[in-house]
Each structure stands twice: as structure tokens, then as C-alpha cells.
Colleague: 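Structure below; questions to follow.
Numbers restart at 1 for each chain; the letters A, B, ... are given by sequence-line order, proteins then strands.
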Amino acid sequence: MLPFTEKVIQVIKKIPEGKVMTYGQIAKLSGHPKAARQVARILHSMSKKHHLPWHRVINAKGQIAIQDEATYYEQMMSLQAEGVEVDASGRVDLEKYRVNWQSDYIDLD
DNA sequence: AACGTGACGATTA
DNA sequence: CTAATCGCCACGT
């Protein structure tokens, strides 16, 4: 049983190129369905040190959830570079790009 | 052990 | 569609 934080990192590492997941999905797959905010916290502080594809993580509205302008732009560019369409308001088509893994794909715990 | 903190989410107006 | 409110909870301090 890995700690929540480690599971989150494992899940994020498995997001395929050209796809996205939401914070809530990741929280659920990591065993804490309501800890979406904690996922955000983890990314905010740990993404650089773990070489995570953090740019493939967006919020439930399908939007880039970054406050910082430069980082926001970076995420948008990274997504577009993988073929994910991002509109002018930073929104992605979840129906089209979201990974819809249930909770049985993973072999962690 | 208690407390503040969020790249959130669902609901309501 | 936007905006405000409230619930949520693992983790560092």
C-alpha cells in the first residue's frame, strides 16, 4: 500500500501522450476520491522533481487550472505539441481527450 | 496533535 | 454561460 502521494505520482506517469486526466480522476484512482485538492497540491510542489507529465492534468471543467501566466502558457504549449487542441480560453475537449480508465487498470498498492 | 493550505469539485443562483 | 459558496482531506509545519 503506497502512500497517497506516491500513487498519485504513479498514476500521472501512466497518462499517455496526447491524453489528459482530471485532478478528481487521479484522486479516485489513487484511492481517495475526494482528495482532488491534494492532487493539485502535490503537483504544485513535486512536479519538477519527478519529471511528471503534469501538463496532462487539468480540472473537471476541462480547463487548464494554472494561476501563473508563464506556467499556464507552458502547459498549453506542451499539450498542443502532443496534438491536444486547446482553445483560446484554455479549454480542452474532455470527451475527446480524457483518459477514461476505471479503477482496475492499475497494479499499484 | 492541531492548523492552514490549495493546478479541485459539485451545487446553487 | 459566469460567479459565489461550501465541502473536502492528505500533508507539511
Colleague: So, R98(A) side chain and V20(A) main chain: donor-acceptor pair closer than 3.5 Å or not?
Modeller: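 No, the answer is negative, given that no donor and acceptor are paired below the 3.5 Å cut-off.
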Colleague: How close do Y97(A) and G83(A) get, counting heavy atoms only, and between which atoms?
Modeller: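 Residues Y97(A) and G83(A), closest heavy atoms: OH-O, 3.4 Å.
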Colleague: Have a look at I42(A) and tell me which of I12(A), I26(A), V8(A) forms a side chain to side chain contact (heavy atoms under 4.5 Å, CB included) with it.
Modeller: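 Testing each of I12(A), I26(A), V8(A) against I42(A), the sole residue satisfying side chain to side chain contact (heavy atoms under 4.5 Å, CB included) is V8(A).
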Colleague: Is a side-chain donor or acceptor of Q38(A) paired with a backbone partner of A35(A) at a separation under 3.5 angstrom?
Modeller: no
Colleague: Between side-chain atoms of residues 57-67 of chain A and protein atoms elsewhere (two or more places apart, or another chain), which donor-acceptor pairs fall under 3.5 Å?
Modeller:
unit_1	atom_1	unit_2	atom_2	d
N59(A)	OD1	K61(A)	N	3.0
N59(A)	OD1	G62(A)	N	3.3
N59(A)	OD1	Q63(A)	N	3.0

Colleague: Would you say the side-chain atoms of E85(A) pair up with the backbone N or O of R91(A), donor to acceptor, closer than 3.5 Å?
Modeller: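 Flag not set: sc E85(A) to bb R91(A) has no pair under 3.5 Å.
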Colleague: Please name the residue in the list Q75(A), K19(A), M21(A), E82(A) that meets the side chain to side chain contact (heavy atoms under 4.5 Å, CB included) test with R56(A).
Modeller: E82(A)
Colleague: In B/S/- notation, 5' to 3', how is nucleotides 8-13 of chain C contacted by protein heavy atoms closer than 4.0 Å?
Modeller: BSBS--
Colleague: Listed in order of residue number, which residues of residues 59-84 of chain A have a non-hydrogen atom at under 4.0 Å from DNA chain B?
Modeller: N59(A), A60(A), A65(A), I66(A)
